[in-house]
Amino acid sequence: MTFLQALSASPRRWFSVHGREQKIKDYIALSNQLIWKRQASFLAAAILAAFYFDPSSVVLCYAFVVFSEILDLRLGSVAANWDGRNRAVGRAILWRITINTLISATAISIFSVNMAIQQTSGGHFTPLFLLFSASVFAAMHNSQMIGILLLRLGIYGIAFLTIALLDVMRELPAFSSPIWLEFFTVIFVLYFLCDISIKFNQGYRERYQQLRRIEQEHARAKAALEVKTRFLATVSHELRTPLTSIIGSLELINGNRLGAVPDNLKPAITIAARNARRLADLVEDLLDMQKIEAGEMVFDLHPISVNTLAIEAAESIAGYASNFGIVVETDLCAQDALIAGDRKRLIQVMNNMLSNAIKFSEKGGTVTVQVETFGQRTRVSVHDHGQGIPDGARENVFGRFTQVDSSDIRKVGGTGLGLNISKLIVEQHGGLIDYTSELGVGSTFFVEFDRQIGDADTDDGGPYLSQVA
Ligand code: ADP
């Protein structure tokens with residue numbers, strides 16, 4: 001857009017061609033932000049001018065400038081309530097910006113020209129320098145809307161030329177006179193001001209386009225994530241039902257309830273049942289992850305005894321542990337504590353920590369569930385004497401689909417989701433999950449919660465408890 005095109009574009013056309021609501025908002029936001037800075041500069045200039053020039057005309061010009069600032073302030077509050085979508089309001093705001101610019105630039109120009117008129121011929125340093133400062137200020141801060149900026153600079157340009165021509169008109173000097181030199185210097189400065197305005201505008205446009213690109217990328221990534229989430233949720237749901245019936249059938253066959261199973265078939269059926277269960281675990285983990293991500297996992301909080309939680313978890317995993325030749329022990333706390341928790345979800349967390357401890361222990365080992373209470377906190381730990389975890393593996397331990405040893409030769413199975421889900425569940429309870437470990441010696445995974453006061457729930461009912469202060 002050329003200088004003249006920009007100036008002649010009416011707000012309606014400008015608006016419909018560019019539709020840049022964001023630019024209007026940016027313009028007004030910055031303009032409001034700088035209002036006191038501008039005011040301070042105007043006041044300082046007015047005091048200076050009133051001292052050296054005719055005070056009454058200075059006060060009049062200053063009042064004119066303040067009036068335009070008040071209009072800007074009022075416009076700022078209108079724009080703040082604009083949602084950026086109603087184009088009619090946008091056009092009205094643009095018109096008001098145009099009128100305010102016209103008033104404010106004219107006021108500043110009259111202010112400067114008035115000073116120059118009162119000066120005797122030669123060296124209008126003060127008014128020219130004030131205009132120059134106002135122009136640079138505008139170029140720096142009003143570059144969001146090139147049309148508006150050029151309108152302001154155009155008015156300042158007329159004031160610049162008027163001041164420069166004043167002496168030429170007064171003196172009608174010879175071409176070799178310094179008055180002409182001053183005139184041409186002003187033309188040069190005007191060119192410089194136009195150039196830096198264009199540069200500032202280009203900078204703003206580039207930043208604006210970059211922001212738009214980032215926004216578009218973000219929207220695309222979000223849409224892709226939503227599709228992936230829906231896809232995973234659908235597939236998981238569709239897999240769960242047939243898997244449940246496959247597992248049920250295999251258990252019936254394995255339990256000889258459908259007749260005696262020939263010996264040569266038993267190993268194959270056992271492997272099929274184990275793999276079907278692993279698949280079902282993965283599907284459950286995926287569904288849990290989706291639920292937590294979508295904020296759809298409901299936590300039914302009740303007072304729970306930590307000792308009871310530890311006993312239940314140890315008992316429920318005992319069968320699994322015996323398959324690995326592992327014994328699970330409990331070390332309860334004499335001073336039982338209560339926490340506010342969702343029993344089912346907390347058992348899920350405990351099961352995850354325990355099954356890991358069992359999986360990564362050597363046959364014949366012991367896994368201990370320990371309860372400790374200190375101050376307002378209570379901690380349940382799972383100790384094992386297994387292979388341990390190397391330093392710096394925390395991200396893999398709690399990451400999603402990540403494992404410390406994800407190689408093909410790893411001995412134990414798993415999805416790499418269990419601890420990630422456990423962490424999300426514990427955090428939803430306002431608790432903390434962490435571990436300490438020594439390679440080749442063993443690991444301790446623990447969860448920690450605030451203690452509660454009140455009576456424990458024996459089952460799922462019962463009152464919600466207040467936190468220990
Ligand atoms: P997985 O399904 O693989 O067990 P988890 O999220 O439960 O997934 O655990 C992530 C990884 O953390 C495991 O694959 C393992 O490498 C490591 N890990 C967890 N618990 C232990 C433990 N008690 N001993 C050694 N490594 C462990």
Side-chain angles (χ1 to χ4, degrees), residues 232 236 239 243 274-293 297 310 313-314 316-318 320-331 344-371 379-429 431-448:
L232 265 180
S236 310
L239 280 175
L243 260 178
R274 191 167 58 229
N275 284 338
R277 229 168 279 122
R278 278 177 61 181
L279 216 59
D281 286 347
L282 172 65
V283 168
E284 286 304 325
D285 280 354
L286 285 174
L287 283 170
D288 278 350
M289 205 179 74
Q290 305 296 332
K291 263 196 219 160
I292 294 177
E293 265 188 359
M297 187 176 273
S316 70
I317 204 87
Y320 178 78
S322 74
N323 290 340
F324 286 77
I326 307 279
V327 176
V328 179
E329 291 176 346
T330 51
D331 175 5
K344 201 172 126 220
R345 291 296 170 193
L346 290 181
I347 288 285
Q348 180 181 349
V349 172
M350 290 302 302
N351 272 345
N352 188 253
M353 294 196 298
L354 278 163
S355 63
N356 280 340
I358 293 163
K359 276 193 310 193
F360 293 103
S361 290
E362 290 298 325
K363 196 172 178 183
T366 306
V367 166
T368 311
V369 186
Q370 188 189 18
V371 179
R379 176 187 281 198
V380 189
S381 314
V382 174
H383 304 279
D384 69 58
H385 307 283
Q387 63 187 56
I389 301 169
D391 286 346
R394 198 166 294 271
E395 281 197 10
N396 285 345
V397 170
F398 289 111
R400 192 168 288 178
F401 295 113
T402 53
Q403 295 166 326
V404 176
D405 172 12
S406 53
S407 65
D408 293 342
I409 51 156
R410 86 186 226 131
K411 283 187 264 167
V412 292
T415 61
L417 275 177
L419 281 172
N420 184 274
I421 293 172
S422 298
K423 190 166 189 295
L424 294 171
I425 292 175
V426 171
E427 281 169 359
Q428 292 288 327
H429 281 79
L432 156 90
I433 182 166
D434 208 345
Y435 71 90
T436 55
S437 186
E438 201 176 324
L439 213 52
V441 178
S443 311
T444 297
F445 277 77
F446 59 87
V447 286
E448 226 180 83

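For ligands, and for the atoms within them, numbers begin at 1 and follow the listed sequence.
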Practice item. Could you pull out the closest heavy-atom pair between Q348 and I421, with the gap in Å? Key: NE2-CG2, 3.9 Å
Point to revise | Pairs where residues 382-396 contributes a residue and the test salt bridge (Lys or Arg N to Asp or Glu O under 4.0 Å) is met, not counting sequence neighbours | key: R394-D434
Point to revise | D331, V327, T330 screened by side-chain contact (heavy atoms from CB on, under 4.5 Å) with T368, the one that passes | key: D331
Practice item. Give a yes/no on ligand 1: does F445 have at least one heavy atom closer than 4.0 angstrom to it? Key: yes
Practice item. Give yes if a backbone or side-chain nitrogen or oxygen of N396 is under 3.5 Å from a nitrogen or oxygen of ligand 1, and no if not. Key: no
Point to revise | Numbered atoms of ligand 1 (with element) below 4.0 Å of V397, judged on heavy atoms | key: 6 (O), 10 (C), 12 (O)
Check your understanding: For ligand 1, which atoms sit closer than 4.0 Å to a heavy atom of D384?
Key -> 22 (C), 23 (N)
Practice item. Using a strict 4.0 Å cut-off to heavy atoms of A357, name the atoms of ligand 1 that fall inside it. Key: 23 (N)
Practice item. Sort out for me which residue in H429, Q428, K423 forms a side-chain contact (heavy atoms from CB on, under 4.5 Å) with I425. Key: H429
Exercise for review: Locate the shortest heavy-atom distance separating G364 from I326; write the atom from each residue and the value.
Suggested key: N-CD1, 4.4 Å
Practice item. Please say whether N356 places an N or O atom under 3.5 Å from an N or O atom belonging to ligand 1. Key: yes
Practice item. Give the single entry among A393, G416, G418 that approaches atom 1 (P) of ligand 1 most closely by any heavy atom. Key: G416
Practice item. Classify the angle between the aromatic ring planes of F398 and Y435 as parallel (below 30°), tilted (30 to 60°) or perpendicular (above 60°). Key: tilted
**Study point:** Nearest-0.5 Å distance, CZ of residue F360 to OG of residue S443
**Key:** 9.0 Å
Check your understanding: Quick one: which ligand 1 atoms are inside 4.0 Å of a heavy atom on S443?
Key -> 24 (N)
Check your understanding: Does L419, backbone or side chain, put an N or O under 3.5 Å from an N or O of ligand 1?
Key -> yes
**Study point:** Check: Q387 N/O within less than 3.5 Å of ligand 1 N/O
**Key:** no
Point to revise | Any donor-acceptor pair under 3.5 Å from S437 side chain to G442 backbone | key: yes
Review point. Going by the atom numbers of ligand 1, which of them fall below 4.0 Å from some non-hydrogen atom of K359?
Key: 1 (P), 2 (O), 4 (O)
